[in-house]
Visitor: 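One structure, as C-alpha cells, below. Some questions next.
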Protein chains: 6
Amino acid sequence: MRVDGREALQLRPIHIETNYLKHPEGSVLITVGDTKVICTASIEDRVPPFMRGSGKGWITAEYSMLPRATEQRNIRESSKGKVTGRTMEIQRLIGRALRAVVQLDQIGERTVWIDCDVIQADGGTRTASITGAFVAMAQALSKLYENKGMKNFPITDYLAATSVGIIKDAGTVLDLNYAEDSQALVDMNVVMTGEGKFVELQGTGEEATFSPEELQQLIEAAKHGLNELFSIQKQALGEISAKIENNRDEE
Amino acid sequence: MRVDGREALQLRPIHIETNYLKHPEGSVLITVGDTKVICTASIEDRVPPFMRGSGKGWITAEYSMLPRATEQRNIRESSKGKVTGRTMEIQRLIGRALRAVVQLDQIGERTVWIDCDVIQADGGTRTASITGAFVAMAQALSKLYENKGMKNFPITDYLAATSVGIIKDAGTVLDLNYAEDSQALVDMNVVMTGEGKFVELQGTGEEATFSPEELQQLIEAAKHGLNELFSIQKQALGEISAKIENNRDEE
Amino acid sequence: MRVDGREALQLRPIHIETNYLKHPEGSVLITVGDTKVICTASIEDRVPPFMRGSGKGWITAEYSMLPRATEQRNIRESSKGKVTGRTMEIQRLIGRALRAVVQLDQIGERTVWIDCDVIQADGGTRTASITGAFVAMAQALSKLYENKGMKNFPITDYLAATSVGIIKDAGTVLDLNYAEDSQALVDMNVVMTGEGKFVELQGTGEEATFSPEELQQLIEAAKHGLNELFSIQKQALGEISAKIENNRDEE
Amino acid sequence: MRVDGREALQLRPIHIETNYLKHPEGSVLITVGDTKVICTASIEDRVPPFMRGSGKGWITAEYSMLPRATEQRNIRESSKGKVTGRTMEIQRLIGRALRAVVQLDQIGERTVWIDCDVIQADGGTRTASITGAFVAMAQALSKLYENKGMKNFPITDYLAATSVGIIKDAGTVLDLNYAEDSQALVDMNVVMTGEGKFVELQGTGEEATFSPEELQQLIEAAKHGLNELFSIQKQALGEISAKIENNRDEE
Amino acid sequence: MRVDGREALQLRPIHIETNYLKHPEGSVLITVGDTKVICTASIEDRVPPFMRGSGKGWITAEYSMLPRATEQRNIRESSKGKVTGRTMEIQRLIGRALRAVVQLDQIGERTVWIDCDVIQADGGTRTASITGAFVAMAQALSKLYENKGMKNFPITDYLAATSVGIIKDAGTVLDLNYAEDSQALVDMNVVMTGEGKFVELQGTGEEATFSPEELQQLIEAAKHGLNELFSIQKQALGEISAKIENNRDEE
Amino acid sequence: MRVDGREALQLRPIHIETNYLKHPEGSVLITVGDTKVICTASIEDRVPPFMRGSGKGWITAEYSMLPRATEQRNIRESSKGKVTGRTMEIQRLIGRALRAVVQLDQIGERTVWIDCDVIQADGGTRTASITGAFVAMAQALSKLYENKGMKNFPITDYLAATSVGIIKDAGTVLDLNYAEDSQALVDMNVVMTGEGKFVELQGTGEEATFSPEELQQLIEAAKHGLNELFSIQKQALGEISAKIENNRDEE
C-alpha cells in the first residue's frame, strides 16, 4: 500500500482544464493529484538564429516554479540572477520531447514557446508539464493551422509523460508523489507517443542501481499509466484530436 | 462611457478566492476584471541582516508575471539574469505598503514573504497585488497569532489599493484596465487604510501634468473604489476581520 | 526648530554651477546644503529600439553615488554586478519627470542621456538631481537648437523637485536633510512645472499614514520651495531662460 | 560499415593515462578515439551546507571544454558569465553516477570534487568523462583510505559509461563519434556498474522515436562495450582494483 | 613642440585640493591639466578573509569614470553588470602601489579603501589617481594615527606616478595627454617613491617596440616629473609631510 | 643556490610540443619545468566591431587555468560567473604582446583567437603562455599564408617572455617557479623580440621597491633567458622559422 492509499499502478486523479488563460494561443491548467501546472503555448513568427533560413520551425520550453509551490519557499531564479541546473535540464527535456511529434517543416519559420509554470508541486512536475504542454501546443498549432490555411496538421501523434520508480517495500510504482519520490531507490521518467514508441527514457538510481529485469517492470508500469493519459488528452482536445489521429493513421 | 462600458467611478468585477494553494501559510487568487494574481504569504523564522537583534519582524514582497500573462509574451527575468526596474519598483511598493498596517514588534524576529505572481494581466496588477496580498498576509499572521499564542493580533487596519487616472474625453476614471492605462494622461495609485488614511500616493503625468484641482478629483475617485475593496476584503477574511477591527477600535 | 536651525519652510542654501565639465553638452554641479550632485546631459543621435521610426526623441537618466558620498562607504553597484531597486526607481523618476516638459517630437530621433552622480549626500539627492538635470538638459538642448537650426525650442516650462515631510514635534517641513529624512513619519517628493502643475507626486508613510488634511499642508509647503527653485534655475540658465518663457507664454 | 571503418559493436581505441597531473589527489587523461578528457579528483575536508552534520560525504562534478576542443571555436562559459544548460546537465549526470558506487558515510564529511576538462572532442565526451573520472576518484579515495586509516574502502564496484545509438542504414551502433552522433536517430547513454546493474539510462529520440525492441538491442550493445571498459579501468587502477573487487565480493 | 605647446619634459598644471568631501577620512580633488579625479580614503575596521588573523592591515582600491568624463559617453559598468579588464588592471595597480609605502603591520587589522572617481578625463587618469590617492590615504592614516595613539606613523615615503612615452617626431615626452597617448608608439607608467626607488614600471609598445637606450631616456624623463610631483604632494599634505619625512630619515 | 638547485640565471627545462590538438589551426603544449600550458590559435574570418572596415586584422587572447592546475583547487570562473582581474590582466598582456610582431594589415579583416589553458601551474604561467602562443600563432598564420596565397608572411620577428626577480639571499634570478615567486621582493616580466627590442616590461615591487641599478641587472638576466627561448621556438617552428627570419632581415 502506498502513502496516499493508491494501488501500485494507479495514477493520481488527473484533470486538464483547457483555455485557462485569455492571452496565449494555447493554455491549460493540468492537475495531477496535488501537482498543478499552468502550461501555455505561444507562437512567434521567427526562429532562433541557428534555424534561420532553414524553412523549418522550432519548439522551445521554459519551466519555472512559483516560490511557494513547495513546502519550503524557494528563492526565485530571477533574484538569484541565474537558472539552476535542474530547471535547465527540465526545460531542455520538455522542448526535445514535444519536437518529436511535430513536423517542424510544416510550421514554417516560427517558434512555439512553451511555458510551464508550476503553481503547486507534489512530485512529477516535469512529466505533468510535458503532458499538459502537449495539449496547449496542440491548441496553438490548431489555430495556426486554421488561420494560415496550412496544408497538413503538423502534429503526428499524442505525447505524454509519467514517472515510475522502485520504492523500498512497495516495489515498482506508477506516478510518484513528492513523498514517494524522496525515498525512491530508482526513479524513471518515460515520455511516449500514442503509438507506444519511446521518445525519452531517463532512469536514475538514487545512490542505488537497477537490474535489466527491474527495467522491464518499470517500463510496463509506465505504459499502463501513459495509456490512461492519452485518453485524458484526447478528451481535453475535443475536435483537435481527430486531426492528430488522421495524421497517425496516414503514417 | 468607458471602453468596457463601465461608469467613470465603477470598479471592475472583483473576487478574492482564499486558501488557493496547499503549502503557503496564506494564499489567495485575486481577480480584478481580467487581471488575475496569485498572492501568497510565507512566514520565515528569521529577519534580514539589517534587522537582526532588533526584536522586530520584517515584511518583504516579490512580484513577477508569467511570460504569457500579457498580450505579447515577455522574456522571463530569470532568463535575462536580472530583475527590471519596473519589477523592483513594484515589489518595494508592496512591501512598504503592507508594513504600514503591521506592528512589526509584535511578530518577533520573523519575515513575512509576500509573493505576487500575475498569471493574467489587464492593467492594475500592482494594486491588485496589494489588495490580494493584504488578505494572504492576514491569514498567515492569523495562524501565527493562534499557534504562537501571541498577545496582540499584529494587523492594525485594512489596507487596499486602486488606480485612478485622467483619460482624454472620459475625464477622471477609477480602476483603469490596460487599454485605458495605455492612453491615460495622468495615472495615480492610491494605497489607503480602512480608516481613510493614505499610506502611499503616486501620481504621474505621462508626458503631461495635472493641476491641484485634478488631484482632488482623483483622490475622491480613489476613496470611492477603496471603500468597496475594504468590504470585499472583509468578506474574504471571515472571522479574521473581527481581529483587525478590534485593533482598529482600540486605537 | 529644525536640527540645522532652519525654519519649517526654509530651503537649504542652493547653488547651481553651470558648465562644470569640459566634454558634455550640458553639465552642472548642484549644491543643496551638503548634498552635491554632478548632472550632465549628453545628446546621442539615435533612440532606443522601441522608439525607432517614430520620428520622436527620448530622454533617459542614470543615477549613481560615489561610494563615499555617504557617512558609511557603500559598495559600488559595478562591483555588485547589479543596480539596486532604489537606484532604478530614482533613474526612472528622473527620466519620466524631464520628459514631461520636453516636446519629444521636436528633437527628432535623438536620445538625451542624463547622468546624475552624487558626490556628496545629505538627503534629497533625487530631487536635487531633477532640479540640476533640468538645467543641464536645457543647456544641451539649447546647443542642439542652435546647431541644428531647429524651428522651436523643445522645452515647454521649468521643472524642479523638492521634498517635504512630517516630522514628530516639528510637523510639516520643507527640503529634508538626511537626519530629518531618517526620522520622518511621512516623506513626499513633488515634481512641478514653473506654471504650478504637478508632474509627479510621491507620498509615503514610513510605517505610518497621513490624512487628506496633512496632504494639503505638504503640497503647500512644496509649492513654496519650488517657486524659489525656479528662480535659481532661471538665474543659472541666463539667456536660455528666455527661450523657455517664450514657449510657456505661447501655450 | 561505419564512417571510421569500425564494426557496429566496436569501441574506438581507448587509453587511460594515470597520474597525469602533479597536484590533484587523482588524475587521468582518458583517450577515446579522438576524444581526450583530463579528469581530476580533489578531496576537500568539508561538505556543502545541505550535508553538514550528516556525517556523510559528497561527490560533485564540473565539466568544461577548452574553446578549441571542437571543430569551431566555442565561447568560454566564463566569458559568457554563465554555464549552459548542456554543461549543467552533464555535470549533474557525472556526480550522480559516481555517487552510486561510493559509500558516502565511509568518507566522512568530505567532498570529492571531480573536474572533467575536455581538451579534444569527437563525440562521447560525457561518457568518457564518467569512465575516466571513476579512475581518478578511485586513486584519490585510495590515498584517503591509506592516509586516514579508514576501515573500509568506500568504492563498492566499477563504474563506466558509453553511448549507443541508432543510425540510418547502419542500425544499432556502439560508442558514437561526433559525425555519427550528429546524424543518429536515437542516442542513448548507459552508465553501469561492474556487476551489470544500471545506474543511469538516458535514451532520446532526436526528432524520432524508438520501440521497446530497439531499446533491448541498444542495451545489449551498451553492455558489450561496458565490459571492455571495465577491463581497461581495472588495468589502469593496478593494485587499487583489488580493493574494489574485495568490496564487491563481500556484498 | 607638443600639441598643447608644452616642452618635452614639462608636466601639465597640477593642483591637489585637500578635504574635498565631507564624509571620507581623506579626500582630494587632483587636477592634472584637464584630467580631474576625486580620490577618497576610507578606513574600515576589518580586513578581507585572506588576511584575517594576520595582525596586518590591507589597502585596496577601486577606480571608475563618470560616463561623461570622456568625449564620448561611456556605458556605466554597473549597467553592463561587470567591470572591464581595463578598470580591474588599474585598480589592482593603485592598490599594489600604495601598499609599497605603508607598513601594513602598523595599522592593525584594518582596510584602507581607496576610491578614485574620474570626473573629467584627458589622459593619465591612472597616474593622477595614484598621486592623488597617496595624499588622501596620508590624511586618513594621519587621523587614525592621532585617534588611536599609534606608536609609529605607518607611511614610509612619498609615492607618486606619471606617464612617459615616445611620440613620432616629438620623441620622449613627459605626462601625456589624451591626444598624445592615442598616438604614442611607446607608453610607460612609472610609480616611484620619494627616495627614487621604483615601485612599478609598466612599459608597453603599442604595436611597436623600444630599445634599451630608449628605456633609459624614458626613465630619466619620468624621474624629472616625479620630483615635481613630490613637491606638490608635500605642500598639499602640510604638517603630515613631517611625519613621512621622519620615517624616511630613520630608515 | 635556488630551491630547485638551479643557478641564478638558469631556465627550467623547456619543451614545446607542436600540433598538440587536432582541430585548431595552431596548437602547442609548452612545458616550463612543472608549468604546462596548452596554447591554441584559431582564425576567424571577421574582426571585432571597432575594427570593421579598417582592412586590418586583430589578435585577441583568452587565458584560463584548470581548477586543479594548482596545489589548492580553484573555483572555475564560469561557476563564479565572472572573470577575475588577474585573468583579464594576463589575457590583455598576451594579446598586446603578440600584436607587436604581426603586421595586422597583412592578415585582412580576420581575428586570431589565442587560447592559453594552464593544465599544471608552477609559476610563470603568463610568460609560458606568451612563448607558447607565439609558436601556435606562427603555425596558424603560416597555414593562412599558404592557403590564401598571401603576399607577405605577416610575422616580423620572434617573440618570447620570461620572468626575473629579486629574492632575499639569492639576489637576481631568472625564470621563477611558484615557490620563488611567492617570496620574491621584486618580480618583473619581460616580453622581447628576437632582435632584442622590448615589447612589454612590467616590474613590480611586492611591498618592496627596486633601484635603477637593480633594474639593469634584472633586464640583463631576462635577455639571457630570452635568447635561449628564441632558439627553442626556432627549433619548434622548423621551416616556418625561415619565413620569420626573411622578414626580419628585410627590415
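In what follows, chains carry the letters A, B, and so on, assigned in the order in which the sequence lines appear, proteins first and then strands, with residues in each chain numbered from 1.
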Visitor: For residues D:Ile59 and D:Trp113, determine if any side-chain heavy atom of one lies less than 4.5 Å from a side-chain heavy atom of the other.
Guide: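 Side chain of D:Ile59 against side chain of D:Trp113, heavy atoms only: no contact under 4.5 Å found.
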Visitor: Would D:Arg76 and F:Asp117 count as a salt bridge (Lys or Arg N to Asp or Glu O under 4.0 Å) here? Give the steps.
Guide: CA-CA 11 Å; D:Arg76 280 174 201 270; F:Asp117 285 88; 2.9 Å; yes
Visitor: Is it true that atom NZ of F:Lys243 has more than 12 heavy atoms of other residues, nucleotides or ligands lying nearer than 6.0 Å?
Guide: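 Count over threshold, so yes.
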Visitor: Looking at chain F, which one of D:Arg68, D:Lys22, D:Glu44 has the largest number of heavy-atom pairs inside 4.5 Å, strictly under?
Guide: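 Max contact count across the listed options: D:Arg68.
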Visitor: Do the side chains of F:Thr60 and F:Ile114 get nearer than 4.5 Å, heavy atoms only?
Guide: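 F:Ile114 does not reach F:Thr60 side chain to side chain.
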Visitor: Counting only heavy atoms closer than 4.5 Å, note whether F:Leu21 contacts chain D via side chain, backbone, both or neither.
Guide: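 Both backbone and side chain of F:Leu21 come within 4.5 Å of chain D.
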Visitor: For D:Arg73, is there an ion pair with F:Asp115 - N to carboxylate O distance below 4.0 angstrom?
Guide: yes
Visitor: Residue by residue, which of residues 130-150 of chain D have a heavy atom closer than 4.5 Å to a heavy atom belonging to chain F?
Guide: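 From residues 130-150 of chain D, none sit under 4.5 Å of chain F.
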Visitor: How about residues 78-97 of chain D versus chain F: which residues have heavy atoms under 4.5 Å apart?
Guide: D:Ser78, D:Ser79, D:Gly81, D:Val83
Visitor: For F:Gln10, is there any backbone N or O sitting under 3.5 Å from a side-chain donor or acceptor partner on F:Arg6?
Guide: yes
Visitor: Which region of F:Thr40, side chain (C-beta onward) or backbone (N, CA, C, O), has a non-hydrogen atom less than 4.5 Å from a non-hydrogen atom of chain D, or is it both or neither?
Guide: side chain
Visitor: Quick check with a 6.0 Å cut-off and a 45 degree axis cone: is F:Arg110 positioned over the face of F:Trp58's six-membered ring?
Guide: no
Visitor: Tell me whether F:Asp157 contacts the main-chain N or O of F:Val101 through its side chain, where contact means a donor paired with an acceptor under 3.5 Å.
Guide: no
Visitor: Give, as side chain, backbone, both or neither, the part of F:Asp34 having an atom under 4.5 angstrom from any heavy atom of chain D.
Guide: side chain
Visitor: Are the side chains of D:Tyr158 and D:Leu229 in touch, meaning some heavy atoms are under 4.5 Å apart?
Guide: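 No, their side chains stay 4.5 Å or more apart.
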